[in-house]
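Right, one structure below, let's go through it.
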Amino acid sequence: MLPTDTLLGRARDQVGLHRQTLLHASGLFKHSPMAKRTDCPSLSRDAARDAVEIPLRCHRDSHKPGTCSKLGAKCFRGRGSSFCVEARCMNMDRINELPDDVLCNIFSFLGLKDAVETSLISHRWRHLWKPLILTRPNLEFDCANMFGAKHAQVANKFSLIESRFKRQVFIRRVHEFLRLYSGKKVDTLRVSFYLDGNHAADLDEWILFAIEKGAQVLDLELFNPFFGRGYPHQDYDFPHQLLQLSNSSSLKHLSLRRCVLKSLPYQFNQLTTLELREVILDENFIACLFSNCLLLERLTLSNFVSNCEDERRSLIITDHPRLTDLKVLYNPNSWGWGASLEISAANLVSLEHAGYDISCINAPRLARLHLSDGFKGLAHFASCPRLESLYMLMKSAEIPQTISTFTNIRNLKQLSLILQPGYFQLGSVVNILKATPLLEELEIMVFSTSIHLGIDMNSGFPHSHLRSVQIRNCHGTLYEIEFAILILKMATKLEKMVIDPLGKFYKGDGSWVVEEPYCCYDRSYELRNVDVDGVPHLWKRKVRAHIREKLKVVMTDAQVIIL
Amino acid sequence: MSAPAENEASIKQENGPSGTVQEKPKKIVVRTGDGEVFELKEEVAMEMETIKTFFMEDNISYETVMPLTNVDSWELVKVIEYCSKYVELKNKQENFHKELKAFQDEFVKSMSPKTLLSLSNVANYLEIKYFLDFICQAIADHIKNKDVEYVRELFGVENDFTEEEMAKAEAPWAHENLDKDLY
């Protein structure tokens with residue numbers, strides 16, 4: 001018997017009172033079975049143990065009675081805080097009676113395999129996963145869904161992927177699921193796994209299944225692991241011919257990685273988004289695309305391979321009234337680098353580009369631009385007066401010419417500059433600021449240790465729009481600090497300056513690179529010793545404090561954050 | 001029963017059939033299962049379908065104290081916290097998703113799974129769809145990496161299968177494990 005002055009003892013005493021409360025309550029509401037309960041199970045040992053384990057977090061403990069305006073409620077103090085404990089004791093028993101629809105709701109957020117596993121819990125749970133899972137409109141078949149959430153990361157372990165069995169298991173499970181599937185409509189089909197042309201029959205079947213059920217989004221990501229050992233890899237042919245036999249399609253979003261796309265079925269004329277990554281295309285594909293998909297708004301062509309002989313053919317994207325978002329990216333390490341690009345799109349708003357020689361740009365409404373090869377292409381965009389956001393790489397030698405281009409892009413609000421390795425004069429950035437008086441956000445990433453300021457510390461001028469400045473991949477050299485001081489003095493409306501020893505490099509198409517060699521290139525010897533989080537030891541020990549000291553003397557309203 | 005304290009107990013609502021316009025924000029009073037009385041702002045209370053139906057269906061005056069027998073005071077406190085924040089962010093409109101996500105992470109950070117389970121029950125009872133979805137997602141995230149035994153214990157469910165029944169699960173791949181197939 002526990003003494004009543006312990007928490008547990010008091011809890012047991014209060015339970016009796018609670019029973020009374022319940023019996024008098026009127027059960028007005030239809031919901032859970034609790035409304036009809038008139039008995040209060042005695043405090044079981046387990047519940048008691050749980051009651052003590054849960055921390056007593058009741059807002060009443062922390063404020064005066066009668067006022068709780070923060071929570072939008074007023075709370076009237078009743079009994080003492082022991083009340084809290086008995087409240088929790090009551091709940092423990094209630095959990096066993098979670099109604100079916102709440103359980104189903106929980107399962108609907110689980111991946112397929114995890115949801116199916118709930119059928120093993122008990123008899124009552126055996127079929128609970130079915131109604132919502134088997135009619136789920138978004139079908140996602142990937143490692144996490146087919147093998148369980150704990151295996152979601154197994155995709156990175158190449159040695160496991162080599163096993164033939166794993167692919168067979170994946171395919172078998174998808175087939176079983178689709179066999180049981182009873183939903184009338186599919187919204188999304190996403191297949192993301194190590195499959196290829198050897199499994200064409202299965203892939204075709206799944207794609208057809210989804211399209212015939214009215215899918216609007218189709219995402220096929222075929223990975224290429226390190227197979228080695230004579231695995232007979234075959235490219236997967238997207239089944240355009242098969243699809244042409246079916247009815248019209250409501251597909252709006254198509255995303256393919258590592259397939260062969262000979263042509264798009266004509267039914268796909270409702271497409272608004274098309275993303276092709278590492279896809280083998282026919283030489284006339286682009287032309288056909290635009291004549292068929294008149295509603296296309298977003299197009300991503302990343303590392304595609306043309307099956308025509310001449311790899312350096314030009315890519316011409318023209319006369320497409322609805323196109324607003326275009327990404328054409330070519331990995332600098334892959335062949336085909338240097339093909340020429342010609343764009344003419346009256347409504348294009350956003351462009352990401354890497355690896356092409358730009359021959360002509362006609363995009364008067366362009367607002368956002370990402371250039372991976374810097375200045376070479378920038379001059380072409382001088383005719384884009386609405387440009388607001390620019391991300392580009394820059395070599396120091398290019399700066400003087402760049403500045404005159406900038407003068408034409410007067411509406412620039414956001415600028416991210418990656419200053420490439422090599423001798424660099426930070427002062428040129430100040431000159432760029434002169435050419436862009438409306439700039440609000442500036443981000444520079446410093447790659448080189450051989451930088452100098454290159455201008456007089458007094459040659460600053462007031463810049464009344466700059467609100468936020470970020471200096472990434474900072475080494476803490478004298479010139480970087482002088483540059484920061486200069487900016488702090490110049491930018492009269494500056495709100496925030498962030499100085500970051502790390503940097504991320506945006507490659508385009510949503511992929512960022514954090515690791516070496518990009519970010520560590522040319523780092524001085526002392527800064528090469530890094531901590532677990534990637535920040536150099538020296539930065540943490542000395543450099544950070546040093547910068548803080550130096551910047552403290554500057555009079556500024558801005559908040560200076562040194563990471 | 002606890003007595004309503006202080007001056008707030010006597011809030012009289014001029015809520016006559018002619019719909020008199022008034023300056024004071026309306027409040028709704030509820031009593032939880034453990035006897036605590038709470039006063040809610042009308043816009044927060046109306047997020048809960050159960051409360052909304054109770055007052056709207058039969059045009060019950062806001063003077064009535066609505067009993068919420070299946071809700072405990074600590075649960076209601078949490079619900080009010082979430083709903084008030086949600087309504088506030090909705091009215092503000094900018095950065096809705098980002099701020100909501102930050103708030104959600106903070107909200108579940110220190111909650112035990114059992115707490116989440118009771119909250120899901122309450123959310124269901126009070127019929128707050130977005131809150132229920134949020135709590136269920138949090139619970140699903142918690143159990144997705146756990147094995148069958150853990151889930152049984154968490155939900156307080158007994159294993160009432162016999163050996164053979166286990167083997168004959170309807171979807172055979174329920175208990176097939178990756179490791180078993182692989183090696």
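To find a chain, count down the sequence lines: A is the first, B the second, and so on, and within it residues start at 1.
- The two atoms that bring I106(A) and C136(B) nearest to each other are CG1-SG, 3.6 Å, heavy atoms only.
- In this structure, R152(B) contributes its side chain and L120(A) its backbone to a donor-acceptor pair below 3.5 Å.
- Once rounded to the nearest 0.5 Å, the distance linking CZ of F155(B) with CD1 of I121(A) reads 8.0 Å.
- Atom CG of N105(A) sits about 8.0 Å away from atom CG of N124(B), to the nearest 0.5 Å.
- For E158(B), the part sitting under 4.5 Å from any heavy atom of chain A is the backbone (N, CA, C, O) and nothing else.
- Within the 4.5 angstrom heavy-atom criterion, no atom of D141(B) approaches chain A.
- The structure places CZ of F109(A) at 10.0 Å from CD1 of I139(B), a figure rounded to the nearest 0.5 Å.
- Crowding of K146(B) atom NZ: a count of heavy atoms from other residues, nucleotides or ligands under 6.0 Å exceeding 12.
- Closest of all the heavy-atom pairs between V102(A) and S120(B) is CG1-OG, 3.6 Å.
- Under a 3.5 Å cut-off, the side chain of D160(B) and the backbone N or O of H123(A) do form a donor-acceptor pair.
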